[in-house]
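To start, the structure itself, in structure tokens.
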Amino acid sequence: MPGGAKNANHDRVKDRTTLKVTDLQQLQKMFENEIIYVLDPQGRIIDANRTALETFGYSREDLGNISIKDIVERRCLPATVKEIQRVVETGVELKETSEVLCKTKEEKKIWIEAKLYPILKNGKIIAIYGTAKDVTLKKKAGGAVKRVGRNV
């Protein structure tokens, strides 16, 4: 009987571990279309997921050699730099979503909605975690609706 209780306990622990792996897989699937990236405090892109790399046309080898200055369109750059600096200086996440005009490696324009979160180690910001969605089609559709509305 004691051995049976031990096996039952082992099975419960195994089930919890399996559940955690399943949860992780579900989370990965949920965010697979999400642009996820990590910036150093100076704004260099030091890590990114597959979706981010594909969206912007960069390879994993490019990471560390590109910065937000390479992907954020010039007119949006001052506000974006200011938001990154605010996260670095305060250690507080950017609660509101920012709409940013960006450009791919091939200079194609895309709109993203982005959020920034500080990554802390021993109370010091070591990086910034960002999530974003490509909202280019939504922006274009909104513009088309506005243009149609003006013609009515």
Side-chain angles (χ1 to χ4, degrees), residues 12-151:
R12 278 194 298 273
V13 170
K14 185 178 175 187
D15 287 345
R16 274 187 260 151
T17 304
T18 303
L19 180 63
K20 288 180 182 177
V21 169
T22 303
D23 289 345
L24 179 60
Q25 289 169 343
Q26 288 174 342
L27 278 172
Q28 287 172 334
K29 192 174 213 82
M30 195 166 74
F31 290 107
E32 72 184 11
N33 294 322
E34 199 70 23
I35 297 166
I36 299 173
Y37 54 95
V38 179
L39 305 172
D40 70 9
Q42 292 74 41
R44 281 188 303 268
I45 301 167
I46 56 175
D47 199 8
N49 70 348
R50 178 186 50 80
T51 302
L53 295 171
E54 289 175 1
T55 299
F56 289 98
Y58 288 97
S59 69
R60 188 147 297 285
E61 291 74 34
D62 293 320
L63 296 174
N65 296 319
I66 53 176
S67 76
I68 57 140
K69 294 174 184 170
D70 298 308
I71 64 166
V72 173
E73 187 61 30
R74 188 179 316 178
R75 70 181 186 193
C76 292
L77 194 55
T80 303
V81 168
K82 188 175 180 180
E83 288 175 345
I84 291 169
Q85 286 174 338
R86 185 168 35 147
V87 172
V88 169
E89 290 169 4
T90 65
V92 177
E93 71 183 68
L94 188 64
K95 294 201 184 291
E96 63 276 357
T97 302
S98 299
E99 229 174 50
V100 183
L101 180 60
C102 295
K103 58 187 176 191
T104 66
K105 189 174 185 178
E106 295 79 29
E107 299 293 323
K108 178 183 167 195
K109 306 290 188 250
I110 61 170
W111 282 95
I112 63 168
E113 286 180 348
K115 288 197 68 140
L116 301 173
Y117 308 87
I119 299 174
L120 302 167
K121 183 175 183 179
N122 299 325
K124 183 179 179 196
I125 294 187
I126 58 167
I128 299 168
Y129 175 81
T131 61
K133 288 184 213 172
D134 183 344
V135 293
T136 306
L137 293 177
K138 184 171 110 175
K139 291 284 286 184
K140 286 181 180 177
V145 169
K146 287 178 188 173
R147 282 190 299 275
V148 169
R150 277 187 246 148
N151 294 333

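Bear in mind that the values here come from a model prediction, so they are computed numbers and not experimental data.
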Practice problem: Would you mind reporting whether Phe56 and Ile45 have side-chain heavy atoms less than 4.5 Å apart? | Solution: no
Self-check item: Distance in Å, Leu77 CG paired with Cys102 SG, rounded so as to fall on 0.5 Å steps
Solution: 10.0 Å
Quiz item: Less than 4.5 Å apart, any side-chain heavy atom of Leu53 and any of Leu63?
Solution: yes
Self-check item: Reported CG-to-CD distance for the pair Leu94 and Glu83, which is rounded to 0.5 angstrom
Solution: 5.0 Å
Practice problem: Please report the shortest heavy-atom distance between Ile35 and Ala52, naming the atom on each side. | Solution: CG2-CB, 3.5 Å
Self-check item: Asp40 side-chain N/O to Gln42 backbone N/O, donor-acceptor pair under 3.5 Å
Solution: yes
Self-check item: Beyond-backbone contact of Tyr117 with Ile119, side-chain heavy atoms, under 4.5 angstrom
Solution: no
Practice problem: For Lys138 and Glu113, run side chain to side chain contact (heavy atoms under 4.5 Å, CB included): C-alpha distance rounded to whole Å, both residues' side-chain angles, the deciding distance at 0.1 Å, then the answer. | Solution: CA-CA 11 Å; Lys138 184 171 110 175; Glu113 286 180 348; 3.1 Å; yes
Practice problem: Please say whether more than 12 non-hydrogen atoms of neighbouring residues, nucleotides or ligands are located less than 6.0 Å from NZ in Lys108. | Solution: no
Quiz item: Does any N or O in the side chain of Thr104 come within less than 3.5 Å of the main-chain N or O of Glu106, such that one atom is a donor and the other an acceptor?
Solution: yes
Quiz item: Hey, are the side chains of Glu99 and Lys139 touching, using non-hydrogen atoms and a 4.5 Å cut-off?
Solution: yes
Quiz item: What is the distance from atom OG1 of Thr136 to atom CG of Leu101, rounded to the nearest 0.5 Å?
Solution: 8.0 Å
Practice problem: Could you please spell out the steps behind the side chain to side chain contact (heavy atoms under 4.5 Å, CB included) verdict for Leu116 and Tyr37? | Solution: CA-CA 10 Å; Leu116 301 173; Tyr37 54 95; 3.5 Å; yes
Quiz item: Quick check: does any side chain N or O of Thr97 sit under 3.5 Å from a backbone N or O of Ala114, one acting as donor and the other as acceptor?
Solution: no
Practice problem: Please answer whether the main-chain N or O of Val38 pairs with a side-chain N or O of Asp47 as donor and acceptor at a distance below 3.5 Å. | Solution: no
Exercise. Look at atom NZ of Lys109 and say whether more than 12 heavy atoms of other residues, nucleotides or ligands are closer to it than 6.0 Å.
Key: yes
Quiz item: Counting only heavy atoms not in Lys115, do more than 12 fall under 6.0 Å of its NZ?
Solution: yes
Quiz item: At what distance, to the nearest 0.5 angstrom, does CD1 of Ile110 lie from CD of Glu73?
Solution: 11.0 Å
Quiz item: Considering all heavy atoms of both residues, which atom of Ala132 and which atom of Ile112 are nearest to each other, and what is their separation?
Solution: CB-CD1, 3.9 Å
Practice problem: Compare every heavy atom of Asp70 with every heavy atom of Asn65, then report the nearest pair and how far apart it is. | Solution: O-OD2, 4.1 Å
Quiz item: Any side-chain heavy atom of Glu34 sitting closer than 4.5 Å to one from Thr51?
Solution: no
Quiz item: Any idea which heavy atoms bring Cys76 and Thr80 closest together, and the distance?
Solution: O-OG1, 2.8 Å
Exercise. Using modelled atom types only, decide if a donor and an acceptor are shared between the side chain of Arg60 and the backbone of Ala48 within a distance under 3.5 Å.
Key: yes
